[in-house]
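Heads up, the thing below is written out as structure tokens.
Values in this document were obtained by computation on a predicted structure and should not be read as measured data.
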Number of protein chains: 2
Amino acid sequence: MSVTIKEVAERAGVSVATASRALSGGRGVRPANRERVLRAARELEYEPNAVAAALRSRTTNSVGIVVPRISNPFFATLVEAVEREAARGGRGLLLSTSRYDPEVEAGQLKSLLDRRVDALIAVPCHSERSRAAIEAAGQRVPTVQLDLCLDGGGGSWVGVDSEAGILSAVEHLVGAGARTLAYVGSEPTDSSAQARLDGYRGAAPLCPGGTDRVLLGDFSLEWGHRAARRLLENRRELPEGIVCGNDTIALGVLRELARNGVDVPGRVMVTGFDDIPFAELAEPPLTTVRQPLEQLAAEAVRTLATRLGGGEEPHRRVAIAPELVVRGSTRA
Amino acid sequence: MSVTIKEVAERAGVSVATASRALSGGRGVRPANRERVLRAARELEYEPNAVAAALRSRTTNSVGIVVPRISNPFFATLVEAVEREAARGGRGLLLSTSRYDPEVEAGQLKSLLDRRVDALIAVPCHSERSRAAIEAAGQRVPTVQLDLCLDGGGGSWVGVDSEAGILSAVEHLVGAGARTLAYVGSEPTDSSAQARLDGYRGAAPLCPGGTDRVLLGDFSLEWGHRAARRLLENRRELPEGIVCGNDTIALGVLRELARNGVDVPGRVMVTGFDDIPFAELAEPPLTTVRQPLEQLAAEAVRTLATRLGGGEEPHRRVAIAPELVVRGSTRA
DNA sequence: GTGAAAGCGCTAACAC
DNA sequence: GTGTTAGCGCTTTCAC
């Protein structure tokens, strides 16, 4: 069997209590004893049992995260940033995916709670049907919604200010000379889709010409293709600027425009949202609204850390302003 | 405080032992009692404490995974597949990243071991300097190397048959009429880079013409750009087929060729390796060797499950044959 | 500053 | 089938 703290204590000639204190920080232990314990531990190749420590101290030093999927580069980058941030605080990250299924999501949350994570980060996969499980989790441990949020608020949330992001895209397009605009986005099934659509509706009046073409589907490349084809049906009415709900859609739109010989950004300018890695690899490179992922992750972890540290700030809602990244798909 | 199994037992009018048995499968418990326990648990909203169970039963039902990074879509997809596979077996996934730093990697492995994961999956970030930590981990729990492996073997490994993959790319290019080839890859700093390079050297003789141009850098887009520029220096000697060590490099090569007005696949054909999501979005879409990620993940978890189940197959090395995906960057 | 002792909540022997 | 009992390895009072 593996070496326990008891053996370390014996070898160091102290009690387990002192050994424990020495091994965890060493505060309140005479330096000489501290050294002896540390040496004994090293010599015995002692490996602390975090499970036992967790049972007794009632903290696992771990946080759980539930995202719809990881293969989506957006969530992947988010998870990576959270992992780094958590590791920095000595915490482990328990990862699970909901696959966009609220029932799976509920099960994953329960499992994480059973494992006694100290805190939870969740990207709710549905703005309504995720509610029960996420609120229940929030009753037990500090929980923060990341990126997406439940309808009508409730609980802590860290995300991006979508309206401001879309606004900056619209301003940029109008400033670059677009006189007519269209929006290609997703049906508002989640909070981001909703906020981006709202953002477009709010910002559209800045444009002098027609802005009433709003095509809603989902956040996919295929939808981008189809929406572009629809806009191309009447070549004369092709808008001068197309605001897309995310980069994937924008990539689909760009592609379809290229296939049809439409000059981008000459005839039509296109913007995306997220700044996924491929955005700058597209032809032409995509002007887009960059999600400040590192900041989001850091803020989410900070929110939890505050609450773990005993801070009683029950409902913290943080919307970070995103930044427009201008590339070749729009004129400067 | 939260409800314990003791209270559930009391309410159900049985001993904690019976409650425990009923709650975990219910084998060897009279159905009537089982029902009463389950009902009591439901009524009290009992939440089992997996930490306590883990301490006593010496299994945490969790596996740890260490990858260089998650924002790389290749690893992200791998992690996602592993997560799904682990969740299917009721296991949690503790995720950490090494950021390509063997010291960080060693620390992460130690931390996962302290947390008493039942098994480990690691993508060694360095074929030499990862050895000590990974071998040490392998002494304590079933450990499998995924994708990359340590130099000279040792331990279980699940990955792709890189040689076979490169071979299929070369055969395809030659079959499509390429008479001269070049290889643009990474310096063999990791096992995949090495195997792909070996694969090219082994397969090159299949091509009738010159195949001795081998450019080695790293697995980046920038290196693809630079390598392509180098090949373009003497336009006349531009090879008819360029085999790239991964998709990212291939994307860089494609881009540079396009900028210089070289017709792909007319004048030059290009192949990649991995089949990252963007491969099919490139212009032209990239012919590439697809990594069977789901299979890799499933096989890795299966390898561990076998060992956890008591199977004593110490050194399982599984190389899965990848599949060539033919797209527009080569002629059919 | 240190030690003795009491659990954290659960499972696994071992009796019955 | 069921109950009693004894810990898993650690941290944390509480005395000294």
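Look at CZ on B:R27: it is 16 Å from P on C:dT11, rounded to the nearest Å. Rounded to whole Å, the distance from CG on A:N61 to C1' on D:dT11 is 13 Å. Remark: P of D:dT12 and CD1 of A:I5 are 11 Å apart, rounded to the nearest angstrom. Rounding to whole angstrom units, CG of residue B:L23 and P of C:dA12 are separated by 13 Å. A:R116 places its CZ atom 14 Å from the P atom of C:dC8, with the value rounded to the nearest Å. Look at OH on B:Y46: it is 10 Å from P on C:dG9, rounded to the nearest Å. We find that CG of A:L113 is positioned 16 Å from C1' of C:dG9, with the value rounded to whole Å. Here C:dC10 presents its P atom at 10 Å from CG of A:D114, a figure rounded to the nearest Å.
Direction change of the helix axis from one end of the helix from C:dG1-D:dC16 to C:dC16-D:dG1 to the other is 30°, with five pairs defining each end axis (rounded to 10°).
Salt bridge B:E83/B:R88: absent, no basic N to carboxylate O contact under 4.0 Å. In this structure, B:R129 does not pair ionically with B:E103, as no charged nitrogen and carboxylate oxygen lie closer than 4.0 Å. A salt bridge is defined here as a Lys NZ or Arg NE, NH1 or NH2 lying under 4.0 Å from an Asp or Glu carboxylate O, and B:E85 with B:R302 fails to meet this definition. Between A:E294 and A:R84 there is a salt bridge, since a side-chain N of the basic residue sits under 4.0 Å from a carboxylate O of the acidic one.
Without hydrogens or angle criteria, A:S24 side chain to A:S20 main chain gives a donor-acceptor distance under 3.5 Å.
When the side-chain nitrogen and oxygen atoms of A:S20 are compared with OP1 and OP2 of D:dC10, none of them lie within a distance under 4.0 Å.
Side-chain contact, A:T60 with A:D118: a donor N or O sits under 3.5 Å from an acceptor N or O. Looking only at atom types and distance, the side chain of A:R316 has a donor-acceptor partner in the side chain of A:T303 under 3.5 Å away.
For residues 33-45 of chain A, the side chain to side chain donor-acceptor pair (under 3.5 Å) pairs, not counting sequence neighbours, are A:R11-A:E43.
Under the 4.5 Å side-chain criterion, counting only non-hydrogen atoms from C-beta, A:S191 is not in contact with A:H126.
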For nucleotides 1-8 of chain D, just jot down a letter per nucleotide in 5' to 3' order: B, S or -, based on protein non-hydrogen atoms under 4.0 Å. SBBB-BBB
